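Below, read A as the first sequence line, B as the second, and so on, with proteins coming before strands; counting in each chain starts at 1. Note that the structure is predicted; figures quoted are calculated from it, not measured.
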Amino acid sequence: MDWQSDSNDIEITFAPTLEQWYSVHKRDLPWRHTLDPYYIWLSEIILQQTRVAQGKPYYERFVDAYPTISDMANADERKLLRLWQGLGYYSRARNLHQTARYVTEKLDGKFPNTYHDLLKMKGIGAYTAAAVASFAFGERVPVVDGNVYRVLARVFGITEDITTTTAKKTFAALATRLMQAAVDPATYNQAIMEFGAIHCTPVAPDCLLCPVQQQCVAYLTGRQHQLPVKSKKAPVRERFFSYVVFQQGGRLALQERVARDIWQNLYDFYLVETDEPKTALRDIPLSESVSSLVNRGTLVEAPVEAMQLLSHQRIRAYFFLVDLPETETGSLPIGLQWYSLAEISILPKPVLITNYLAKQFA
DNA sequence: AAAACGGGGTG
DNA sequence: CACCCAGTTTT
């Protein structure tokens with residue numbers, strides 16, 4: 001009989017057990033039919049902080065629009081952002097384009113094939129480098145994403161706050177040990193994430209049918225719902241946007257957002273942000289040039305109010321539609337340009353703007 | 001170490 | 001409404 005405790009056995013059996021579970025339960029997803037690092041990388045960028053169900057249609061559209069990394073490298077960035085529209089975290093799209101160009105132009109189209117080199121690419125951090133390195137090249141490096149934090153915290157009873165640096169090291173070290181026992185690195189990485197995504201879920205883990213039930217500290221001590229420990233994030237910031245929508249004929253004045261703020265490189269209207277909601281145009285501080293332009297036009301009815309919830313901001317927006325007569329030929333404030341509705345339809349825009357356009361100009 | 005960065009699904 | 005999603009970059 002073994003005189004040692006069984007507590008170490010789980011570190012040996014964990015990976016193979018999940019690999020076996022995965023062989024039975026894995027979902028059929030489009031990026032699981034390829035070993036091409038370009039497609040795998042694309043899928044991983046899309047899936048950052050994004051659910052599979054939300055990302056899948058975007059993946060299909062991107063593969064269709066840019067079948068090769070060279071196609072993506074040669075893409076018009078505005079068009080790429082338009083394709084990304086609605087997915088959020090738009091720096092992902094800009095970094096996607098930058099890395100596609102870098103690989104195509106500087107690396108002769110050959111995608112970096114090690115964890116170490118992948119990490120150097122814009123938009124690729126520890127998670128994505130491990131994912132691409134293992135899925136496309138079979139490198140034995142563990143992925144540590146939100147699913148992995150949850151599964152490991154529960155099975156191994158780790159009570160450290162997963163938002164802290166020390167906890168990240170704890171989980172990474174454990175993940176590296178567990179990877180050593182994996183039969184196949186790619187399969188094990190897919191397996192632990194899939195297990196977290198569809199079985200060991202945040203609110204209602206299916207403990208009764210769990211393949212590691214008898215080794216799971218959380219289950220054995222009834223703490224499934226206390227793990228992982230994650231400190232609360234700061235309350236969302238409230239913001240008040242007043243948009244002045246200049247209209248002339250069938251055209252609207254839009255601008256590209258260039259500030260270091262949300263929606264960088266997307267298009268919206270002339271914007272004034274205030275500390276309080278402003279429901280009347282005359283209460284909004286406008287520059288002299290904009291004010292005089294407003295005075296030469298006519299305000300079209302009451303402002304349209306809209307609310308946009310982001311994970312970190314709550315934006316209340318008021319849209320003031322100002323109609324300018326055709327006789328008015330003065331120039332627009334700096335940054336603004338006239339666009340027809342057809343042109344606007346192909347510009348990348350925040351959901352807030354897209355929703356307004358649909359409501360007002362359907 | 002903490003904040004910033006989207007939008008949508010889920011219970 | 002609160003939580004969280006195949007995280008990364010900037011401050």
Worksheet item: Between A:Y356 and A:F319, how do the two ring planes meet: parallel, tilted or perpendicular, split at 30° and 60°?
Response: parallel

Fill in: Under 3.5 Å side-chain donor-acceptor pair for A:N189 and A:S134
yes

Worksheet item: Is the closest side-chain heavy-atom distance between A:W84 and A:R92 below 4.5 Å?
Response: yes

Worksheet item: Taking the P atom of each, how far is C:dT8 from B:dG8, in whole Å?
Response: 22 Å

Item to complete: Specify the residue among A:P202 and A:T128 whose closest nucleotide of DNA chain C lies further upstream toward the 5′ end.
Response: A:P202

Practice prompt. Return the orientation label for the A:Y243 and A:F241 ring planes: parallel under 30°, perpendicular over 60°, tilted otherwise.
Written response: perpendicular

Practice prompt. Verify whether one side chain among A:D161 and A:T164 offers a donor that lies under 3.5 Å from an acceptor in the other.
Written response: no

Worksheet item: Are any non-hydrogen side-chain atoms of A:K278 and A:I284 less than 4.5 angstrom apart?
Response: yes

Fill in: Nearest-nucleotide 5' precedence on DNA chain C, A:N95 against A:P228
A:P228

Fill in: Separation of the P atoms in C:dT11 and B:dG6, to the nearest angstrom
14 Å

Worksheet item: Is there a residue in residues 182-200 of chain A whose heavy atoms reach under 4.0 Å of DNA chain C, and which residues are they?
Response: A:Q190, A:M193, A:E194

Discussion item. Can you confirm whether the side chains of A:T170 and A:E160 place a donor and an acceptor under 3.5 Å from each other?
Written reply: yes

Worksheet item: Would A:V244 and A:W263 show up in the same hydrophobic cluster when neighbours are defined by side-chain heavy atoms closer than 4.5 Å?
Response: no

Worksheet item: Mind checking whether A:Y66 and A:F62 have parallel, tilted or perpendicular rings, split at 30° and 60°?
Response: tilted

Item to complete: Write down the distance separating the C1' atoms in C:dA6 and B:dA3, rounded off to the nearest Å.
Response: 23 Å

Worksheet item: Which is true for A:W31 with a 4.0 Å heavy-atom rule: it touches a base, it touches only sugar-phosphate, or it touches nothing?
Response: base

Worksheet entry | Verdict with supporting geometry, A:Y90 and A:N265, side-chain hydrogen bond (donor to acceptor under 3.5 Å, both in side chains) | CA-CA 8 Å; A:Y90 296 92; A:N265 300 118; over 6 Å; no

Worksheet, complete the sentence: In B/S/- notation (B base, S sugar-phosphate only, - none; protein heavy atoms under 4.0 Å), nucleotides 4-11 of chain B written 5' to 3' is -BBBBB-S

Item to complete: Extract, from 5' to 3' on DNA chain C, the first and final nucleotides lying under 4.0 angstrom from some heavy atom of chain A.
Response: C:dC3 to C:dT11

Item to complete: Treating Ile, Leu, Val, Met, Phe, Trp and Tyr as nodes and any side-chain heavy-atom pair under 4.5 angstrom as an edge, say whether A:Y127 and A:Y188 lie in one connected cluster.
Response: yes

